[in-house]
Protein chains: 2
Amino acid sequence: MQQKLRGCRASKNREEVLKVLEHQSCPVTAEEIYNLVKEEIPTVSLSTIYRIIEKLISLEIVNKATTLDDNRARYELVRETHKHYMICTKCRKMIPIDCCPIEEFENKVAVETGFNITGHKFELYGECKACAEKSKKA
Amino acid sequence: MQQKLRGCRASKNREEVLKVLEHQSCPVTAEEIYNLVKEEIPTVSLSTIYRIIEKLISLEIVNKATTLDDNRARYELVRETHKHYMICTKCRKMIPIDCCPIEEFENKVAVETGFNITGHKFELYGECKACAEKSKKA
DNA sequence: TTTGTTATTGCAAATGATTTGCATTTGCAT
DNA sequence: ATGCAAATGCAAATCATTTGCAATAACAAA
């Protein structure tokens, strides 16, 4: 991680944001990051979190993602293999999906359309097991 | 369209919103709808547009979509065959893609995970032809 | 270690999209 | 025509995110 931070000062806040992000298995909101960082550094402010995230995004260390009908952005570390998620429309839980059906499709579309494709976004929506149980009982 | 509107009153504003949406080939923002409706009904207010959209979504006549690092929601009519888009990261233009690689994948994931999948969202990002030309010249 | 430059920070206020309260108007069933 | 609930316009509220500014901290150079 560190080697990418050229031109930046190693602030305590940023170190802590990175530590928090490393422990996440699903994308988190700025406020969630804020609350987790605050446990270690109580004086941190939310705007600082936003500025750190902004910088990490510009360094391509962090990804921003928005989710259908949730109007807050979520962030996650850029990893070697990117992930997709199933999102429960009831409890909003995000469950990672292992594989990605898009990559080969991208090539096909690129050839057919001449569009220079650089990325994609893909999410599945539905009801998770736990919520399905609940609605059966009710 | 009309038959779905049970329990609702046929207001002029809603008729006009539906008419506007029928003429779109790509999802539009609330403000874009507002401006188009205002051409016919100058007294309409933006909050009314938001309320009409909300109702149309709950009736499953309209879909809401958010797009990568664009913080305004976009709306489109639910159609028999759903569409996906390529989005140019430079000019923000949305170009419809004909086919959908997700549907068969959905079934596979459903079986493997027990997740009851009801829908998905999928977008491609890249540079459109026009923007590619421009950056070559520069 | 001290010093100077500049990135980083906290705070409060600004912004932009969307939502809501409320009093008024309208559609439609009776 | 009458009454009631849905729909509306307006202004104010809300929520996530951004920004201005003055104070602080990191780090390179002396």
Side-chain angles (χ1 to χ4, degrees), chain A residues 1-20 27-59 61-76 92, chain B residues 1-20 27-59 61-76 92:
Chain A
M1 205 65 25
Q2 270 59 15
Q3 70 282 8
K4 272 189 169 181
L5 291 171
R6 39 171 168 125
C8 298
R9 292 174 185 174
S11 79
K12 225 166 179 239
N13 285 331
R14 180 159 52 236
E15 295 302 308
E16 195 58 35
V17 167
L18 283 170
K19 198 183 293 175
V20 163
V28 282
T29 64
E31 202 177 359
E32 287 165 343
I33 298 172
Y34 171 59
N35 288 324
L36 289 166
V37 169
K38 214 162 45 167
E39 287 176 14
E40 297 299 313
I41 308 172
T43 56
V44 74
S45 80
L46 184 53
S47 59
T48 297
I49 300 293
Y50 275 109
R51 280 193 267 232
I52 289 173
I53 292 170
E54 182 187 36
K55 172 139 285 183
L56 293 175
I57 289 175
S58 77
L59 294 170
I61 292 170
V62 162
N63 253 343
K64 179 182 185 173
T66 36
T67 302
L68 189 76
D69 65 53
D70 180 6
N71 48 347
R72 329 187 269 173
R74 292 177 174 272
Y75 308 92
E76 68 183 335
R92 294 262 126 213
Chain B
M1 204 64 25
Q2 269 60 15
Q3 71 282 9
K4 270 190 168 180
L5 290 171
R6 25 132 195 155
C8 299
R9 291 176 186 170
S11 79
K12 224 166 180 239
N13 285 330
R14 179 160 53 237
E15 295 302 309
E16 195 57 36
V17 167
L18 283 170
K19 197 183 295 177
V20 163
V28 282
T29 65
E31 202 177 358
E32 286 165 344
I33 298 172
Y34 171 59
N35 288 324
L36 289 165
V37 169
K38 215 162 42 168
E39 287 176 14
E40 296 300 313
I41 308 173
T43 56
V44 74
S45 79
L46 184 53
S47 59
T48 297
I49 301 292
Y50 275 110
R51 280 191 268 231
I52 289 173
I53 293 171
E54 183 186 36
K55 172 139 286 182
L56 293 175
I57 290 175
S58 77
L59 294 171
I61 291 171
V62 162
N63 254 342
K64 178 184 186 174
T66 36
T67 302
L68 189 76
D69 64 52
D70 181 6
N71 48 346
R72 330 187 269 172
R74 292 177 174 272
Y75 308 92
E76 67 183 336
R92 295 263 128 214

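In the text below, chain A, chain B and the rest are named by the order of the sequence lines, each starting its count at 1.
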**Prompt:** Toward the 5' end of DNA chain C, which comes first, A:V44 or B:A73, by nearest nucleotide?
**Reply:** A:V44

**Asked** Hey, which of these two, B:E31 or B:A10, hits DNA chain C nearer its 5' end, going by closest nucleotide?
**Response** B:E31

Locate the shortest heavy-atom distance separating [X] from [Y]; write the atom from each residue and the value.
| X | Y | result |
| --- | --- | --- |
| A:I41 | A:K12 | CD1-O, 3.9 Å |
| A:V44 | A:Y34 | O-CE1, 3.4 Å |
| A:I49 | A:A30 | CG2-O, 3.8 Å |

**Request:** Identify whether the distance between the nearest side-chain nitrogen and carboxylate oxygen of A:K19 and A:E16 falls below 4.0 Å.
**Result:**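 Looking at A:E16 together with A:K19, the answer is yes, because their closest N to O distance falls below 4.0 Å.
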
Roughly how many Å is it from [atom1] in [X] to [atom2] in [N], rounded to a whole number?
| X | N | atom1 | atom2 | answer |
| --- | --- | --- | --- | --- |
| B:R9 | D:dA6 | CZ | P | 7 Å |
| A:I53 | D:dT18 | CD1 | P | 9 Å |
| B:Y34 | D:dC10 | OH | C1' | 11 Å |
| B:I49 | C:dT20 | CD1 | P | 17 Å |
| A:Y75 | D:dA16 | OH | C1' | 9 Å |
| B:L46 | D:dA11 | CG | P | 13 Å |
| B:E54 | C:dT20 | CD | P | 7 Å |
| B:K55 | C:dG27 | NZ | C1' | 13 Å |

So, OP1 or OP2 of [N]: does either fall under 4.0 Å of a side-chain N or O from [X]?
| X | N | answer |
| --- | --- | --- |
| A:Y50 | D:dT17 | yes |
| A:T48 | C:dT8 | no |
| A:R72 | D:dA16 | yes |
| A:N71 | D:dA16 | no |

**Asked** Is any side-chain N or O of B:R14 under 3.5 Å from a base N or O of D:dA7, one able to act as donor and the other as acceptor?
**Response**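 Counting by modelled atom types and ignoring angles, no donor-acceptor contact under 3.5 Å is found here.
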
**Prompt:** Less than 3.5 Å between a donor and an acceptor, one on the side chain of B:R51 and one on the base of D:dT8, is that the case here?
**Reply:**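 Per atom types, no contact qualifies.
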
**Message:** Heavy atoms only, 4.0 Å cut-off, all strands: where does B:S47 land among base, sugar-phosphate and nothing?
**Reply:** base

**Message:** Let's test this: given Watson-Crick or G-U wobble pairing with both distances under 3.5 Å, identify the partner of C:dT30.
**Reply:** D:dA1

**Asked** Do the side chains of A:V20 and A:E32 get nearer than 4.5 Å, heavy atoms only?
**Response** no

